[in-house]
Amino acid sequence: MAKKLCIKTYGCQMNVYDSGRMADLLAPLGYDTTEDAGEADLVILNTCHIREKAAEKVYSDVGRLRNLRAERMAEGGAPMTIAVAGCTAQAEGAEIMRRAPAVDLVVGPQAYHRLPELIARAHRSKGEALDTDFPVDSKFDHLPQQNRVEGSAAFLTVQEGCDKFCTFCVVPYTRGAETSRAVDAVLAEARHLAALGAQEITLLGQNVNAYHGAAPGGGNEAWSLGRLVHALAEIPGIARIRYTTSHPRDMDDELIEAHGRLPQLMPFLHLPVQSGSDRILEAMNRRHTADDYRRVIERLRKARPDIALSSDFIVGFPGESEREFQATLDLAREIGFAQAYSFKYSARPGTPASMMPDSLSEEVKADRLARLQAVIADSQKAFNDACVGKRMAVLFDRPGRRAGQMVGRSPYMQAVHAEVPAHMAGRILDVIIDSAHPNSLGGTLADPAEAAA
Ligand code: SAH
Ligand code: SF4
Ligand code: F3S
């Protein structure tokens with residue numbers, strides 16, 4: 001009998017990938033996906049634990065689902081199983097079960113291949129349906145193949161977990177130790193995705209450029225990400241390759257050279273720096289200086305002069321002085337990011353930084369965040385403005401807001417709107433950019449005959 005599955009996804013792209021894989025795993029059990037929790041037999045909240053706000057969301061969501069379920073059952077409707085997955089499940093599984101009794105099952109990010117069994121257990125007796133192991137056998141060995149690609153672009157997780165232990169971060173605890181999938185498994189999945197119509201593949205990992213997967217055919221040799229990217233570029237049909245998220249320390253020569261050599265490797269890199277102050281970087285245990293970061297950027301620009309950069313910043317780390325914050329503003333101005341994310345520091349239970357004194361007031365953090373965001377908005381605008389008049393290859397994969405329009409992605413991850421017939425979805429077309437907006441570009445097809453064909 002057909003059942004309905006609703007997955008709500010929070011957090012990073014790894015969670016987006018995991019949600020897709022959970023849907024693939026449950027499809028053979030008769031679960032069709034739906035966006036509407038109200039009609040779902042099973043709702044999975046795929047949670048994020050990175051900042052306090054993200055983690056608290058699970059409790060308000062569960063409250064809403066509990067009410068929805070009660071209303072539906074009062075009207076004689078079907079029951080609903082409520083599952084919590086993802087990083088908050090890993091960090092607070094037992095507490096979630098206690099604080100939110102409406103939750104039927106909890107599954108951590110490394111154990112979701114056991115979901116079918118957990119669902120059965122939850123239906124028998126809910127006390128047993130908690131699985132936050134880091135199993136020795138990888139979930140990847142137990143998951144079915146991805147069976148759909150939406151809009152010509154797909155994610156592919158190649159690395160998981162993190163051994164870097166930045167002092168503010170929960171990821172090493174929620175995702176566990178760093179592991180890489182074998183090259184053969186990655187290439188097989190990439191070929192499969194290409195066969196399903198993926199033209200752009202984004203390799204995912206919490207620390208993706210620390211990739212060191214077992215070489216094809218086994219053996220003790222490991223491949224770096226640079227080497228993997230070369231092999232992926234040979235797969236017919238894969239026109240674009242991206243990877244995220246990288247750590248500055250792991251940008252090795254092979255990977256930087258790949259940016260110069262491989263046209264498939266997109267000239268856009270998300271490379272979090274967090275702070276421009278060496279003292280703060282050290283307190284964060286990032287294990288590089290601001291100048292180390294500048295040098296990596298220099299090498300990247302030398303290999304691929306048109307590369308655009310993105311980053312993550314944390315403001316208001318414990319003890320951050322105004323001068324140290326100024327160093328962050330200086331670095332952001334100097335590099336000129338095409339886009340960047342910035343966050344107020346959020347103390348996370350169990351992390352070394354949460355034990356550090358000198359936490360700053362909300363006002364100071366909010367003020368610094370606003371100032372940094374103004375600098376980032378300026379450089380983003382400058383970057384978008386500089387695109388006007390240029391010719392860019394755009395992968396069109398979504399309908400636009402107006403009829404006759406489609407939206408696609410530039411090599412630099414900008415959204416580009418243009419008049420493109422709907423049947424061109426999934427094509428990479430050259431566009432002349434004629435307008436720039438804060439978060440998108442507008443353009444005209446360079447060769448309209450190509451679209452008519
Ligand atoms: N693995 C990636 C990103 C992990 S989380 C990396 O190393 O860069 C994504 C971003 O969230 C981080 O880059 C950081 O800027 C932010 N972040 C992580 N922990 C945080 C915390 N405790 N408070 C505020 N922001 C945080
Ligand atoms: Fe977190 Fe640092 Fe690992 Fe990134 S590198 S996931 S910020 S511990
Ligand atoms: Fe959040 Fe976990 Fe990703 S904490 S950012 S969902 S790795």
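Start at 1 and go down the list; that is how both ligands and their atoms are numbered.
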Please could you name the atoms of ligand 2 that [X] approaches to less than 4.0 Å, counting only its heavy atoms?
{"X": "Phe168", "value": "7 (S)"}
{"X": "Lys164", "value": "3 (Fe), 5 (S)"}
{"X": "Cys166", "value": "2 (Fe), 5 (S), 7 (S), 8 (S)"}
{"X": "His247", "value": "5 (S)"}
{"X": "Pro172", "value": "8 (S)"}

- Message: Please confirm whether Met284 approaches ligand 2 to less than 4.0 Å, judged on its heavy atoms.
- Response: no
For [atom], what is the nearest protein heavy atom, given as residue, atom name and distance?
{"atom": "atom 7 (S) of ligand 3", "value": "Gln206 NE2, 3.2 Å"}
{"atom": "atom 4 (S) of ligand 3", "value": "His49 N, 3.2 Å"}
{"atom": "atom 3 (Fe) of ligand 2", "value": "Cys162 SG, 2.3 Å"}
{"atom": "atom 3 (Fe) of ligand 3", "value": "Cys12 SG, 2.3 Å"}
{"atom": "atom 1 (Fe) of ligand 3", "value": "Cys48 SG, 2.3 Å"}
{"atom": "atom 1 (Fe) of ligand 2", "value": "Cys169 SG, 2.3 Å"}

- Query: So, the side chain of Asp292 versus the backbone of Thr289: is there a donor-acceptor pair under 3.5 Å, distance only?
  - Reply: yes
- Item | Main-chain N/O of Asp133 paired with Asp131 side-chain donor or acceptor, under 3.5 Å | yes
- Task: Determine, for Asp18 against Arg21, whether the closest basic-nitrogen to carboxylate-oxygen distance falls under 4.0 angstrom.
- Result: no
- Query: Does any N, O or S atom of Cys87, backbone or side chain, fall under 2.8 Å from atom 1 (Fe) of ligand 3?
  - Reply: no
- Query: What about Asp312: any of its N or O atoms under 3.5 Å from an N or O on ligand 1?
  - Reply: yes
Quick one: sort the [X] and [Y] rings into parallel, tilted or perpendicular, breaks at 30° and 60°.
{"X": "Tyr293", "Y": "Phe337", "result": "tilted"}
{"X": "His259", "Y": "Tyr243", "result": "tilted"}
{"X": "Tyr173", "Y": "Phe165", "result": "perpendicular"}

- Message: Could you work out, for atom 17 (N) of ligand 1, the closest of Arg51, His49, Lys365 by heavy-atom distance?
- Response: Arg51
